[in-house]
Structure formats: structure tokens, C-alpha cells
There are 2 protein chains.
Amino acid sequence: MENKRSSPSCIGIVGLGLIGGSLGLDLQALGYEVHGLVHRSSTAQKAQDRKLAQVISIDTKILSDCELIILALPLDQLLKPSDYLLSALPKSAVITDVGSVKAPVVKVWRELHQNFVGSHPMAGTNDSGVGAGKKGLFNKRPWVTTPEAKTNQNALAMVGQLAVQLGAQLIEADPNMHDQAVALISHLPVLVSAALLRTLSKEENPTIMKLAQQLASSGFADTTRVGGGNPKLGLAMVRNNKSAIVHALRNYNNNLHEYEKNILDENWAQFQTELEQTKELRPGFLKDDD
Amino acid sequence: MENKRSSPSCIGIVGLGLIGGSLGLDLQALGYEVHGLVHRSSTAQKAQDRKLAQVISIDTKILSDCELIILALPLDQLLKPSDYLLSALPKSAVITDVGSVKAPVVKVWRELHQNFVGSHPMAGTNDSGVGAGKKGLFNKRPWVTTPEAKTNQNALAMVGQLAVQLGAQLIEADPNMHDQAVALISHLPVLVSAALLRTLSKEENPTIMKLAQQLASSGFADTTRVGGGNPKLGLAMVRNNKSAIVHALRNYNNNLHEYEKNILDENWAQFQTELEQTKELRPGFLKDDD
């Protein structure tokens, strides 16, 4: 760690689920002293067994020496943090989060802590809980920080350095721009995909339903993957990014209606041109491992 | 081949693209004499190099000894077969196809040949053309035959036996039921997925567009995979299964509007219940390798 100024001596992680636990494993491997705060003793024991941090406790005192604290909490808890947690955060520490929606989080936390930096590591699996954390989760994944005009620049540098050390691709973005972008590429797909499953669930002819189940191929599996994901996570995203999602949903509806119109009018040349354009567009959104 | 009665001595394949070429490779491995008919000399040469059949030609005479002929042609050619092809099909041979829509194919071919059996092997990759065929493509995949009341039972048995020998899961279905089921699990997903890409393409804010490209993860890649597929194939499916697709599209729109309503009304409990139901529904549509 060549840059002593911005390297924290001790990193606190609040919550040791998928994201928090993965951070704990990688940060220890990078040589950091990691302190993990959890809610329940049973979770603390499991986290200890998995060695997710060097020090794991339900006592907030373990955060007192940490120069950087990562709030790896669900959005709901992040937006309404307990007084118990707030009183445990050292005033001089740098605080960051991992929430998938940024404007409401930044709005709350800019009032709560002088050194808050919003961030969103875009990594995940279908697993959750204290058993889910795994090494290398952030490697080559985007990690967005969302500074505002008043954000402490040293704090921002510390969080950014951390993301880079974890192998992530650091991206800075305005919180509102971030939320509109993720509405399009992350939240809208969940709704689009879930609505496809909902359409199947409403099929009233049992012969068609059975055939549909027998004939569904990997294409159907792919298109419905995110719609069949964690319902609580889906709800939290939609609830906290409502206006961007409703906007995206309306645009989506217009586009689907255009297709329907082309089909009804048998405007096949136009329809094929549309499909050619979407085919050309897709590679621009793919990563190496897609 | 224990059942001499229904095993053809020679199998003809018309078209040696992904499906036809894959059939050629597997059928030869099963010990069959395979004759492949193609359109162009250059294709014949490439097919010969790849050993897609023992006999490959642009001359329809090679079909004259075949007891089973598989029309591995695009839907458009299947629905308007050339007189040249029709005159080359022996009257006593069993004829089947591999088209992804069945009612219009069956409607045309029941008038053209007494021993026609509609079928749809549900296997595919993103590849096409004479270089695309590969071994084992049909293994463990569904293969639908769509007999009607007048279908010759011996012909049906021969096609069914072939599917089973290729390792496919044989399913019999009414042509219309088949088309409605594939509209739901195969064609609707293409539209839903393509409309998602179209929505992104209409984003006017360049900062959001760039962020969306940087932040798109494997979830976006999965949801847009079938929408970014072969435009000609997409068009052929929609064109030939129009009424079932429009019906599916309208049901889909209603379901998406329900989500939008729940979100606007902040009816979160209902919205979460919906997501829980779709999550429970999805495994019923998955295969072992999804």
C-alpha cells in the first residue's frame, strides 16, 4: 500500500451478507485489519467460522478504531439507520455504502456524516446471507462512486482506492444519473422478465401450459432469470427508485407497442430493421464474461 | 435398429444448415445412409468437406431412394416449396420438417404429401449455415411431432423413432397448441427482450447511455440474449405465428401494466407477492442444463 495517506489501518464492515462477507474475505487477503459488525450472535458465530473478518461482534465498539467503514446493509436499513449504529460511527472515519440506488442514500447520509461517500459495487450472485460471501466477487466488475460537490475529496480517494485494490473498475457518476442508468439496465429488466413469468402463470389452457413447460428452452431460462430472482431485493430496488423506473417502464411500453403495431400492420421490413438494430446495439452492453 | 419395419434404409435431408447439418452428422453416426440436397455447388463442396452426409448434391435425384426425407429448410421456403423440390419427393417416402411454427406448415403440407408429419426439434445455437451443424445437438432436447387425425400412423412412428434415436425427448402435440405454447415461451421472449434493447437505444442523455453501457451486468446480458439474436429468424417466427403472438403480447402488456399500477399506487405488499409467485413459477420451466 504505497499511498499511506489514504490507506485505512482498520476497515469496518457493517453486515456480513453476500457483499459484506465478500469484502471481508478480499480485504483480509489484501492485508487489511477487518472488523465485522453483525446483528445476531448466531450470525457472528457463522461469520467467525467462515473467517469473514479478524474481529466479528454484535458490539458496535469494534468500529471505534476503524478509519473506513462500509455499510453493507439492505437499502431499507441504509435509508433508516438505527441511532445505535449512527452513534458507533467515528466522526473522523470515512463512511461508504453498497446500496444499488444512490440518490436517496446520498440524500440521507449527507446530513448524517461529514465523510460519507456513496458507492455501488455492481456485483452479485443469487446467494444471500452469511454463507454467501466469496473471494474475488468484485474483480473486473464496475464499482460506482457517487460524489457530490460537497463530498470530502480525501474520503472519495480512499473509497476509490479500495475499489481499485479489489480489482473493480472504478466509475464516478452523479447519483441521479446512476439511478436512471440502473433503472434501465438493472431494474427494468427485472420487471420485464417477471412480467413474462406472470404471463405464463395466467395461461388458462392446461395443455398449452404443460407444453410451455416442456418446450421452454435456455432462451426462456435466460430471459426470465432476473425476474425469478430475490423478491425482497426486487421490491427494495423498485421502491427506492420509483420515478426512474416508472419513466423507464413507460418508454419500454411505447417500444413494445411499436412492435405490436408493426406486427398487426404486417410491416415486416420495418420489423426486421428493428431487430437488426437491436442486434447491433447489444454488444455495446456486454462484458468479456457475458 | 431392432424395428426393421419403421427404420428407413436411406434418409434424405433437404438443407444442410444448423439443423440439417447436425442431423446429417448424428444420423450417419447411427449407421444410416444419408443423402443431403443443397441449393448451391459451393455449399455442396463445404458440406462434403464437413462430411455432413455420405451423398451430397444439388441434384434432386439423390432423394429418389430415400424412405424418409427431412425438410430442414427456413419457414418461408417450407411454406412455399418449389415445384422442383416437390417433384423430387417420392410418393411412398415419409416427409417431415423442422420448422418452429407448425399450424401453417401442416396446413400446406397435408395437401402436398400423403405421408407428411410435422415436427419441431427444439434445438439451436446462434450459429447458422453449412458450417454450423454439430454432433449431439438434439440430445435431451424436446422434439415435438404434430400429428393430425389423418396423419399416417406408420409415418408418425418412423419420425418419432428417429427423434428418440437422436436422444431427443419426443412430445406429441396438436399443431395449434404447439404454436400457442411456443408463442409464449419462445416468440414472446424475443419481443420482450428486443424491446428492452430498443428502449436503451432511445435514451437521449449521453451520460446515462454511457453509464448504462458501463454498468450493464450479466443480468442485462441474459435478459437481452434472445432479443439480440438472428433478425431473419425472429421475423420468420413472428410472421408465421402472428395471431398467437399478438394474443401473447396483449396478455403480456396487461401483466406489465399491473406492475406499473402496483408501483404507482405504492402497493408494495402486492408487488412483493407477485415477485414471490414468479420466483416459484420459474423452476417449472427449467431443464437440467439451464
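Naming: A, B, ... by sequence-line order, numbering from 1 per chain.
Counting heavy atoms of neighbouring residues, nucleotides and ligands inside a 6.0 Å radius, atom NZ of B/Lys232 does not exceed 12 of them. The environment of NE2 in A/His257 is crowded: more than 12 heavy-atom neighbours from other residues, nucleotides or ligands sit within 6.0 Å.
Contacts between B/Gln277 and chain A at a heavy-atom distance below 4.5 Å are absent for every atom of the residue. With a threshold of 4.5 angstrom between heavy atoms, B/Leu184 approaches chain A through its backbone and through its side chain. Only the side chain of B/Glu203 comes within contact range of chain A, judged by heavy atoms closer than 4.5 Å. Using a 4.5 Å cut-off between heavy atoms, B/Ala248 touches chain A through its backbone atoms (N, CA, C, O) alone. Residue B/Asp174: no heavy atom, backbone or side chain, is found under 4.5 Å from chain A. Residue B/Glu280: no heavy atom, backbone or side chain, is found under 4.5 Å from chain A. Contacts between B/Tyr252 and chain A at a heavy-atom distance below 4.5 Å involve backbone atoms as well as side-chain atoms. Both the backbone and the side chain of B/Met177 have a heavy atom closer than 4.5 Å to some heavy atom of chain A. Heavy-atom distances place no part of B/Ser186 under 4.5 Å from chain A, backbone and side chain included. Only the side chain of B/Leu249 comes within contact range of chain A, with at least one heavy atom under 4.5 Å from a heavy atom of that chain.
The main-chain N or O of A/Gln214 is found under 3.5 Å from a side-chain atom of B/Lys287 such that the two form a donor-acceptor pair.
Among A/Asn205, A/Val246, A/Asn254, A/Val192, the residue with the largest count of heavy-atom pairs under 4.5 Å with chain B is A/Val192. Per-residue counts of heavy-atom pairs under 4.5 Å with chain A were compared for B/Pro231, B/Gly228, B/Ser193, B/Gly227; the largest is that of B/Pro231. Of the listed residues (B/Lys210, B/His178, B/Lys279, B/Met209), the greatest number of heavy-atom pairs within a distance under 4.5 Å of chain A belongs to B/Lys279. Counting heavy-atom pairs closer than 4.5 Å to chain B, the top residue among A/Val238, A/Val182, A/Val226 is A/Val238. Of the listed residues (A/Ala181, A/Ser217, A/Ser218, A/Ala216), the one with the most heavy-atom contacts under 4.5 Å to chain B is A/Ala216. Chain A forms more heavy-atom pairs under 4.5 Å with one residue of B/Leu197, B/Thr207, B/Ile245, B/Val144 than with any other, namely B/Leu197. Taking B/Thr273, B/Asn251, B/Leu256 one by one and counting their heavy-atom pairs under 4.5 Å with chain A, the maximum is reached by B/Leu256.
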Task: Evaluation steps, side chain to side chain contact (heavy atoms under 4.5 Å, CB included), between B/Phe220 and A/Leu286 - done: CA-CA 8 Å; B/Phe220 187 79; A/Leu286 300 186; 5.8 Å; no

* **Intermediate values then yes/no, side chain to side chain contact (heavy atoms under 4.5 Å, CB included), A/Phe285 and B/Leu200** => CA-CA 10 Å; A/Phe285 291 87; B/Leu200 266 299; 3.7 Å; yes

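Scanning all heavy atoms of the two residues, the minimum distance from B/Asn255 to A/Ala195 falls at CB-O, 4.1 Å. Contact detail for A/Asp222 and B/Arg225: the closest heavy-atom pair is OD2-NE, 2.9 Å.
Of the options A/Leu188, A/Ile185, A/Leu191, A/Thr223, a side chain to side chain contact (heavy atoms under 4.5 Å, CB included) to B/Leu196 is made by A/Leu188 and by none of the others.
The existence of a salt bridge linking A/Glu266 and B/Arg239 is excluded, since no basic side-chain nitrogen approaches an acidic carboxylate oxygen closer than 4.0 Å.
A/Glu260 and B/Asn253 form a side-chain donor-acceptor contact under 3.5 Å, judged by distance and modelled atom types alone. A/Thr278 and B/Arg198 share no donor-acceptor pair across their side chains, judged by distance under 3.5 Å alone.
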